[in-house]
Each structure stands twice: as structure tokens, then as C-alpha cells.
2 protein chains.
Amino acid sequence: MLSKKTKYGIKALTFLAKQKGQVPVQIEVISKSENISQKFLETILLTLRKNGFLGSRKGKGGGYYLLKEPKDINMAAVMRILEGPIALVPCVSLNFYERCADCPDENTCSVHKLMIEVRDSSLSIFNNRTLADLVP
Amino acid sequence: MLSKKTKYGIKALTFLAKQKGQVPVQIEVISKSENISQKFLETILLTLRKNGFLGSRKGKGGGYYLLKEPKDINMAAVMRILEGPIALVPCVSLNFYERCADCPDENTCSVHKLMIEVRDSSLSIFNNRTLADLVP
DNA sequence: TATTAAACCTACTAAATCGATAGGATAATT
DNA sequence: AATTATCCTATCGATTTAGTAGGTTTAATA
């Protein structure tokens with residue numbers, strides 16, 4: 001299941017992508033428009049900023065804005081920042097790999113085999129979609 | 001992320017699929033062979049039995065066995081019983097649909113749009129794989 | 001320069017979920 | 001009757017999630 005954090009983060013990015021120009025948008029505006037708790041959204045936008053997706057300006061007239069064109073914001077990258085691994089199991093994750101403690105041999109593991117297929121198909125979607133594709 | 005329940009459940013099903021004949025296999029045998037806590041596995045096998053995947057026999061010589069041929073056990077069905085929805089978001093789930101409280105219109109929701117694609121690709125994998133495909 | 005408006009930051013918390021365990025009840029074999 | 005196995009339900013501790021609190025910093029503007 002997708003966390004609310006990811007869901008809200010994607011919604012906020014989409015909202016910003018819809019804005020004309022580079023005018024900063026305040027958290028409050030996004031949170032009201034998208035029905036997201038303002039305080040929660042605050043922390044989400046913060047991590048998006050710290051990871052290079054958003055810029056911000058403090059004080060009056062401040063807010064958040066996209067640092068790149070929507071078409072240059074890859075959804076796999078967004079997912080990894082907000083949600084973490086795209087794979088359903090750490091042992092098939094490309095960016096968050098971890099061995100399974102219980103599994104003696106990945107090559108003969110039935111779960112491993114199946115989850116690699118799922119990862120590949122999900123990944124190909126996220127890798128081939130940008131924020132621009134999500135804007136209505 | 002896949003729960004341990006699902007992971008262990010699939011491993012146990014695969015283990016049973018590897019057995020020759022319909023001889024019941026005891027929980028203890030599976031749990032030791034697959035490094036799964038016996039008590040935890042007990043509850044997992046119970047739900048697999050209650051959902052028509054496994055049969056069981058009590059007492060000496062008892063245990064669990066597959067009720068169907070591995071090639072007739074669809075992995076989408078297994079996933080739905082063990083893990084729940086295949087979709088990442090309830091609003092795109094076919095079998096566990098729920099409206100998002102925050103979302104005024106699914107048709108223009110960016111998350112919805114993306115997650116439908118992901119669901120479709122995951123689903124086509126799970127629907128086209130059976131337990132037989134997972135046996136090494 | 002004082003005020004106001006906004007993001008920034010860290011810690012905290014309530015609730016839910018997860019992984020696992022406890023401990024007996026039931027049923028089948030020998 | 002004794003043994004062996006599943007059956008069943010409740011509980012528990014740890015972790016994660018979603019959200020809140022409450023102040024700090026920075027920038028614009030009157």
C-alpha cells in the first residue's frame with residue numbers, strides 16, 4: 001500500500017506543476033486545495049525540497065516551487081524519495097537491496113523469482129512516467 | 001512492501017508443490033526447512049486452508065497438502081488472500097475498492113492515473129503466474 | 001525598524017499494523 | 001488410553017504511520 005506521505009507528495013507536485021510560471025505557492029494553498037493536513041504536508045514538502053525536487057522562499061510571498069520542468073521529474077525518483085523501495089521485497093530492490101535472513105539461496109527462492117518480475121514491470125512504468133504525464 | 005505472512009505463505013505453498021504425491025506435510029517440517037517460526041506459519045497455513053488452497057489432516061501422519069494442482073493455483077488469488085489488495089491504493093483496487101476521502105474526483109487525480117497503470121501491470125503478472133511457475 | 005508572513009526544524013504522540021507467541025481444544029492414529 | 005498433529009483465539013511487543021505541537025528563522029513591507 002502506498003503511504004499517505006507518497007500520495008500527498010505526488011498530489012502536491014502535480015499541483016505545483018499546474019501553476020503557471022515560477023511563482024512560489026504557499027503550503028496552506030496546496031493543503032486546502034488538495035485536502036491535506038497542513039502540518040503533515042509541511043514535512044512532506046520539506047523532504048521534497050531537501051532532495052532537490054522543490055525550491056522554497058521564506059517570508060511574505062514565499063512558498064514552494066518546482067526546481068525542474070515537470071517533464072524532467074521522473075516518477076521513479078519521486079517514489080524512491082517518498083515511499084522508499086519500489087520493489088516489494090528488499091532482496092529484489094535495486095536501490096535498497098538487503099538480503100533476506102531466512103533465505104539460503106536467492107536463485108532458487110520462489111518469492112524472489114516472482115517479485116523480480118513485479119519489480120521490473122512496476123519500475124518500467126515509473127521510469128517512463130514524468131510529472132508532466134500526471135497533470136490533468 | 002510484502003508482508004512476511006505473504007512471503008512465508010508463498011514459500012510454504014511452493015514447498016508443498018514440490019512434494020511428490022498427496023502426502024500431508026507437517027507444519028514443523030515446512031517451518032524448519034524454510035526457516036519460518038512454526039507458530040506463525042501455523043496461522044498462515046490456517047488461512048490458506050480456510051480459503052480453499054490447502055487441505056489438512058489432524059493427528060499422527062497429519063499435515064497440510066495442496067487441494068489443487070500447482071498449475072491451477074493462480075498467484076493473484078494467493079496474493080489477495082495473504083496480502084490483500086494488489087493495487088497500491090484502494091481507489092484503484094478491483095477487489096478491495098474504496099473511495100479516497102480526500103479526493104473529489106478520481107478521473108482527474110494524478111495518483112489515481114499512475115496507480116492504475118501499476119496495478120494493471122502487476123496484476124497481469126500475478127494473473128499469468130501459477131504456483132507451478134515458482135517451483136524450482 | 002517593527003510587524004507580519006511564511007518556511008524551517010525537531011520532537012512527540014496516538015493509533016494501527018505486524019510478526020510472533022501462548023496455551024489450550026479438538027481430532028485422528030496407534 | 002496415549003500420542004501426535006492441527007485448530008483456534010487471544011494477547012503482546014515492536015515498529016510504522018499519520019499527524020500534531022511549538023517554537024525558530026528568514027524575508028518582505030509598512
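Each chain gets a letter, A, B and so on, in the order its sequence line appears, and its residues count up from 1. Quick caveat, the model's predicted, so the values are computed rather than measured.
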* List the steps and the verdict of salt bridge (Lys or Arg N to Asp or Glu O under 4.0 Å) for D102(A) and K11(B). => CA-CA 11 Å; D102(A) 57 295; K11(B) 283 192 165 194; 2.8 Å; yes
* Donor-acceptor contact below 3.5 Å, side chain S31(B) vs main chain E28(B) -> yes
* Under 3.5 Å: donor-acceptor pair, side chain of N51(B), backbone of T47(B) -> yes
* Give a yes or no on this: more than 12 heavy atoms of other residues, nucleotides or ligands lie within 6.0 Å of atom CZ of R57(A). => no
* **Close approaches to DNA chain C from residues 95-105 of chain A, in residue order (heavy atom, under 4.0 Å)** => none
* To do: May I ask you to decide whether K113(B) forms a salt bridge with D133(A), counting only side-chain N to carboxylate O separations under 4.0 Å?
  => no
* Look at atom NZ of K32(A) and say whether more than 12 heavy atoms of other residues, nucleotides or ligands are closer to it than 6.0 Å. => no
* Asked: Which of residues 11-20 of chain B sit near DNA chain C, with a heavy atom under 4.0 Å from it?
  -> none
* Structure fact -> Taken to the nearest whole Å, CD1/I44(A) to P/dC8(C) is 14 Å
* Structure fact -> note: L45(B), atom CG; dA5(D), atom P; distance rounded to Å ~ 15 Å
* Asked: For L46(B) and dA5(D), what is the distance between atoms CG and P respectively, to the nearest whole Å?
  -> 17 Å
* Asked: Which part of the nucleic acid, if any, lies within contact of K50(B), taking any heavy atom under 4.0 Å across all strands shown: a base, the sugar-phosphate backbone alone, or nothing?
  -> sugar-phosphate
Polar pairs (N or O, both sides) under 3.5 Å between protein and nucleotides 19-24 of chain C?
from	atom 1	to	atom 2	distance (Å)
dG19(C)	OP1	K4(B)	N	3.1
dG19(C)	OP2	K4(B)	N	3.3
dT21(C)	OP2	S37(B)	OG	2.7
dG23(C)	N7	K39(B)	NZ	3.4
dG23(C)	O6	K39(B)	NZ	2.2

* Lys/Arg-Asp/Glu bridge criterion (N-O < 4.0 Å) met for E117(A), R129(B) -> yes
* Is it true that a side-chain atom of S33(B) and a backbone atom of I30(B) form a donor plus acceptor pair closer than 3.5 Å? -> no
* **Closest heavy-atom pair and its distance - L48(A), G9(A)** => CD1-O, 4.1 Å
* Asked: Has the side chain of S122(A) got a donor or acceptor atom that lies under 3.5 Å from a matching backbone atom of R119(A)?
  -> no
Between the protein and nucleotides 25-27 of chain D, list every N/O to N/O distance that falls short of 3.5 Å.
from	atom 1	to	atom 2	distance (Å)
dT26(D)	O4'	K58(A)	NZ	3.2

* Contacts to DNA chain D from residues 24-33 of chain B, heavy-atom cutoff under 4.0 Å, which residues? -> Q26(B), I27(B)
* Backbone of N127(A) reached by a side-chain donor or acceptor of N74(A) within 3.5 Å -> yes
* Asked: Among the clusters formed by ILVMFWY side chains lying less than 4.5 Å apart, do I125(B) and L123(A) turn up in the same one?
  -> no
* To do: Calculate the interatomic distance between E83(A) atom CD and dT17(D) atom C1'; express it in whole Å.
  => 11 Å
* V118(A) and side-chain contact (heavy atoms from CB on, under 4.5 Å): which partner among V89(A), I86(A), L88(A)? -> L88(A)
* What ring pair (Phe, Tyr, Trp, His ring centres under 6.0 Å) pairs are there with at least one residue in residues 74-106 of chain A, not counting sequence neighbours? -> none
* Does one hydrophobic cluster hold both I81(B) and M115(A), with members joined at side-chain heavy-atom distances below 4.5 Å? -> yes
* Give the rounded distance in Å between these two atoms: NZ of K7(A) and P of dA18(D). => 10 Å
* Candidate pair S3(B) and T6(B), rule side chain to side chain donor-acceptor pair (under 3.5 Å), full reasoning -> CA-CA 5 Å; S3(B) 65; T6(B) 303; 3.1 Å; yes
